[in-house]
Structure formats: structure tokens, C-alpha cells
Enquirer: 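First the structure, which I've put down as C-alpha cells, then a few questions once you've had a look.
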2 protein chains.
Amino acid sequence: MAHWREQKRERTRNALREAAFRLFAEHGYEDTTVARIAAEAGVSHMTFFRYFPSKEDVVLRDDYDPVLEELIRAQPPEKPPLRRVRDAVMSAVPAVYAQERQALLLRSRLLLATPALRSRMGESLNGSQTAFERGLSDPAETDTPPLAARVVASACVAALTTAITAWVEEGGTGDLPALMDQAFDALESLGVPDA
Amino acid sequence: MAHWREQKRERTRNALREAAFRLFAEHGYEDTTVARIAAEAGVSHMTFFRYFPSKEDVVLRDDYDPVLEELIRAQPPEKPPLRRVRDAVMSAVPAVYAQERQALLLRSRLLLATPALRSRMGESLNGSQTAFERGLSDPAETDTPPLAARVVASACVAALTTAITAWVEEGGTGDLPALMDQAFDALESLGVPDA
DNA sequence: GAGTAACCTGTTATCAACTAACATCTGACG
DNA sequence: CGTCAGATGTTAGTTGATAACAGGTTACTC
């Protein structure tokens, strides 16, 4: 129904992504050319770049940020900022973890093991940080949020990244939500005098 | 005058870096080819890559990390981790700031304004995080530091990055050390119930 | 001081990521 | 049915980055 166009677009998009991940797992990221991915998906290499601005974006792109932004905004404003982010994140992670654990592990492993991707991760994390900042800020306020809010957001992103990194490094055997809880605990006890 | 070689090496290295920054300021990062930089420094484009593994590294490389690692390690171990990092950093920043303020601003501005550089910043930050982790850990311990220490390190790097970003965004008019203090304050009050 | 090994550099060729220009086709819509 | 916009392929070109080889220069030794 409505616009078959978009359906086809979504299908080629998925075909490209799936072909890419399959080839990456098979021959490694560096040894997989864009042309090969495109051929595998039945399109030309130009079409690839019309769907993904760069080779790295196939792996880096995800659409968690807008969801998290909303979840943070929906938190009761009387909670301190870190609490709002923490509760919002932990309200969503377990479900995703239960459902996409394997895919998440593969993607994260690839991300951390490939220099080209690892170096561009900062970009993605920056997007998450911005989403967190927006979720914490009054949407009426138009200018940049105060420094304190930005620090909270960046610290949360850093903590979550550290948790995922630790999870991947131990082979994905541990419980990721638990690690995230630990990481948030470490953040909350940053100010207390004893460790 | 031991080894003329190293002196010459250092000179071409500087010539390349200076030519690069000059051309970047003049024509922008993207519109400056590696071949042009090399020509400007009087060498071939291959020589450029023998000194810098990539075009981005000319801007990204710095040698603060080992210094900071030592400064953190020299802190009294009875201080809580965040304090050790904070005091170490703030013991060194003002001097650097007084002396290299302009250069630091130019470099940071270029870094934040150029997508290609911004996206690879994470790599550099990752190095700083590792340095912080090592400074916080017992050097006798060989395996990876505990999650809590890694979260502290990553949060500090994130806070400092946020401070520098804010500093650049306001045109470098403010006082960077003061902003860093604010950022650390925000970190320390992460756990307290009121804002 | 000659000889040799190590190092640095330039030339050339090649690869792969990415971009631009143009032609083509195929649904969408009146 | 006819037009039009969006999606795709072809081709060609730019640029960052690597490899192989050759020539020259510095250091080290006998």
C-alpha cells in the first residue's frame, strides 16, 4: 500500500547492511571492499554510497539515540540528572539485551577490534551525548545546555561505553546490564571521599 | 652534537607540521592535499606518510598523555581516584594554558570544526583514558584495571573534553582552567541527591 | 680512510574510498 | 496516456594510503 517506493528502499538498505556484516564476519572489515558489498546486495557501488555516506556508517549507524532522549525526558524532573539518565537507560536496556544480545555482541566486537571503526566511534558517541543533553534539558530552552548538564551527559556516555568495552573484552559471557549498573554505581560514588 | 640524523629528522617533522597548519588555516583542512603539504615542506608525499601515519595525525598527535600519567601516579594514594586525577591535571594545565593558549585554541578549533578530525578524536581520547587508567593503577598489576577505575578515567576524559568544547564554542574568551574546575565540580556532585 | 651496512628519500604503480556528471529506467500521479 | 520525479548504473576522476624498487647519505667498523 502506500508508497511501495519506501518499502523497496528499506529492502535494499537491509540487503546492503546484511551483506556487509556477512562479508565482514567472513573476510574481515579491511579486506571487504564496498564494491564487493554492493555486488553481493545486487546493486552498484554508487548505490551503496547513496544509502550510507561511508563504509564505516554501515556498522556505526544505529537508532537508539532518539528513543533514549525521549525516555530521559519522560523521567520525573525532581530526580537528579544522573538518576534520570540511569533509570531511563536501565529501563530499556534489559529488553534490548534479551532480544538482540548476539547481534549486539558481534557489532560491538567488530567496532572495538577494527581500528578504522574504533576511531570513528567518537562521532557516534558524540551523537549519544547530544541526545542525553537534550533529554536532560528543557525543550523550551533553545541555546546550549549548561556545562554541568553536558558533563553529566558525557560522563554517562563514557560509563556506558566502558561497560560495553568490558563486556566485549570478557567475551560477552558476563551480564551487560549488570556491568552497566556497576558503571553507574562508580559514577555515583565519584564524589564520596572513600572508595 | 651526537647524531645529525635525529636533528634533521626533527626538522623535517616540524617543517611538515608547520606547513600543514599554515595551509589548513589558509585553505581549510579538506582543500589541502597531502601532496601540497609535502611540497611546501620540500619533500615528497611519501615522506609525509613516513612521518605521520595519516593526514589526520598531523593535527591529532600530542604528547601530553605520558606526562599526565606520571602526574597522576605521583599523587598520594590515599586521595580518592577522582581527586588524584583532578589535582594532577589542574597542577599542570595552568602553566600550559599560559604558555600555549593561542596554539591550543587554534588546534582545538580546527579539531572540532573539521568532521574528519572530529570523528577521529575518539581515538586520541581513548589514549588519554588509557593513560589515566594506568596512572590510577598499581603498576605491579599487569591485567586490566577494575571497572570502577576505568569509569573514573573515562568520566574525567569526558569532563575535560566537555570543558574544552565549551571553551572553544565561546570563542576561547573564557578561562579554560576555570571551566575545567567547573567540569570537575559537576563530576564530584554527580552522586549528591540535589542539584 | 675505504667499505659496508643501515637509513632516508624519491619515483612509480597500485588500491580503495569517495564524488560528480550524465543517461536510463521505473514507478507515481493527474 | 503522458509527464515527471526519484532511484540506479556507467564512467571517469580525485585523494588518501601502501608497496616495490632504486639512489643517495649517514654512521659504524676494520
Side-chain angles (χ1 to χ4, degrees), chain A residues 1-17 19-21 23-24 26-61 110-111 114-121 123-124, chain B residues 1-17 19-21 23-24 26-61 110-111 114-121 123-124:
Chain A
M1 24 240 272
H3 305 315
W4 194 24
R5 222 94 186 218
E6 300 171 6
Q7 295 189 16
K8 184 177 181 184
R9 230 186 126 70
E10 204 54 34
R11 266 189 314 178
T12 36
R13 191 184 186 79
N14 286 336
L16 279 169
R17 203 182 358 239
F21 273 96
L23 291 172
F24 290 161
E26 228 171 290
H27 309 110
Y29 179 85
E30 308 285 357
D31 291 342
T32 304
T33 73
V34 170
R36 186 99 168 70
I37 299 172
E40 204 81 4
V43 296
S44 88
H45 81 119
M46 271 306 301
T47 299
F48 176 94
F49 287 110
R50 291 195 175 104
Y51 282 84
F52 301 95
S54 83
K55 182 183 174 185
E56 287 121 11
D57 283 277
V58 187
V59 185
L60 285 168
R61 274 258 168 265
L110 186 62
L111 228 56
T114 309
L117 294 173
R118 195 186 177 112
S119 62
R120 281 204 49 187
M121 253 184 63
E123 206 174 352
S124 172
Chain B
M1 43 219 326
H3 308 315
W4 179 265
R5 223 119 179 193
E6 299 172 7
Q7 295 189 16
K8 185 175 182 183
R9 227 184 128 71
E10 203 56 33
R11 266 189 316 183
T12 38
R13 191 185 185 77
N14 285 337
L16 280 169
R17 203 185 355 240
F21 273 96
L23 290 173
F24 290 162
E26 230 171 287
H27 309 111
Y29 179 85
E30 307 286 357
D31 290 342
T32 304
T33 73
V34 170
R36 186 98 166 72
I37 298 172
E40 203 81 2
V43 296
S44 88
H45 81 120
M46 270 307 300
T47 300
F48 176 93
F49 286 111
R50 290 193 177 105
Y51 282 84
F52 301 95
S54 83
K55 182 184 175 185
E56 288 120 9
D57 283 278
V58 187
V59 186
L60 251 38
R61 276 258 168 266
L110 186 61
L111 227 57
T114 309
L117 294 173
R118 194 186 179 112
S119 62
R120 282 204 50 187
M121 255 184 62
E123 205 173 354
S124 171

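Each chain gets a letter, A, B and so on, in the order the sequences are listed, and its residues count up from 1.
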Enquirer: Would you list the atom pairs, donor with acceptor, under 3.5 Å between side chains in residues 41-53 of chain A and any protein atom, with sequence neighbours excluded?
Expert:
{"residue": "Ser44(A)", "atom": "OG", "partner": "Met46(A)", "partner atom": "N", "Å": "3.3"}
{"residue": "Tyr51(A)", "atom": "OH", "partner": "Thr12(A)", "partner atom": "OG1", "Å": "2.9"}

Enquirer: Is it true that a side-chain atom of Ser54(A) and a backbone atom of Glu56(A) form a donor plus acceptor pair closer than 3.5 Å?
Expert: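 Yes: the side chain of Ser54(A) pairs with the backbone of Glu56(A).
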
Enquirer: Measure the distance from CD on Glu30(B) to P on dC18(C) and round it to the nearest whole Å.
Expert: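 That distance rounds to 12 Å.
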
Enquirer: Taking the side chain as every heavy atom from C-beta outward, state whether Asp57(B) and Arg120(B) have any atom pair closer than 4.5 Å.
Expert: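 Yes, close enough: below the 4.5 Å cut-off.
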
Enquirer: Which parts of nucleotides 6-14 of chain C does protein reach within less than 4.0 Å, heavy atoms only, written one letter per nucleotide 5' to 3' as B for base, S for sugar-phosphate only and - for none?
Expert: -BSBBBB--

Enquirer: Expressed in angstrom and rounded to an integer, what is the separation of Lys55(A) atom NZ from dG16(D) atom C1'?
Expert: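 These atoms are roughly 14 Å apart.
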
Enquirer: Just so I know, are the side chains of Phe24(B) and Val59(B) near enough to count as touching, which here means a heavy-atom distance under 4.5 Å?
Expert: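 A side-chain contact under 4.5 Å exists here.
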
Enquirer: Between C1' on dT18(D) and CG on Asp31(A), what's the gap in Å once rounded to a whole number?
Expert: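 After rounding, the gap between these two atoms is 13 Å.
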
Enquirer: Figure out the CZ/C1' separation between Arg120(A) and dG16(D), and round it to whole Å.
Expert: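 Nearest whole value for this atom pair: 15 Å.
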
Enquirer: Is the number of heavy atoms from other residues, nucleotides or ligands under 6.0 Å of Arg13(B) CZ greater than 12?
Expert: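 Atom CZ in Arg13(B) is crowded, with more than 12 foreign heavy atoms closer than 6.0 Å.
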
Enquirer: How many Å lie between CZ on Phe52(A) and P on dT19(C), as a whole number?
Expert: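 Those two atoms, CZ and P, are 15 Å apart.
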
Enquirer: With a 3.5 Å distance limit and no angle check, can you tell me whether Ser119(B) reaches the backbone of Ala116(B) through a side-chain donor-acceptor pair?
Expert: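 Checked: pair present.
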
Enquirer: Distance check needed: dT15(D) C1' versus Glu56(B) CD, whole Å only.
Expert: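 For the pair Glu56(B) CD and dT15(D) C1', the rounded distance is 12 Å.
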
Enquirer: Within this structure, what is the CG-to-P distance between Leu60(A) and dA17(C), rounded to whole angstrom?
Expert: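 Nearest whole value for this atom pair: 15 Å.
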
Enquirer: How long is the line joining CZ of Phe49(A) and P of dG13(D), in whole Å?
Expert: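 Taking atom P of dG13(D) as the reference, CZ of Phe49(A) is at 19 Å.
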
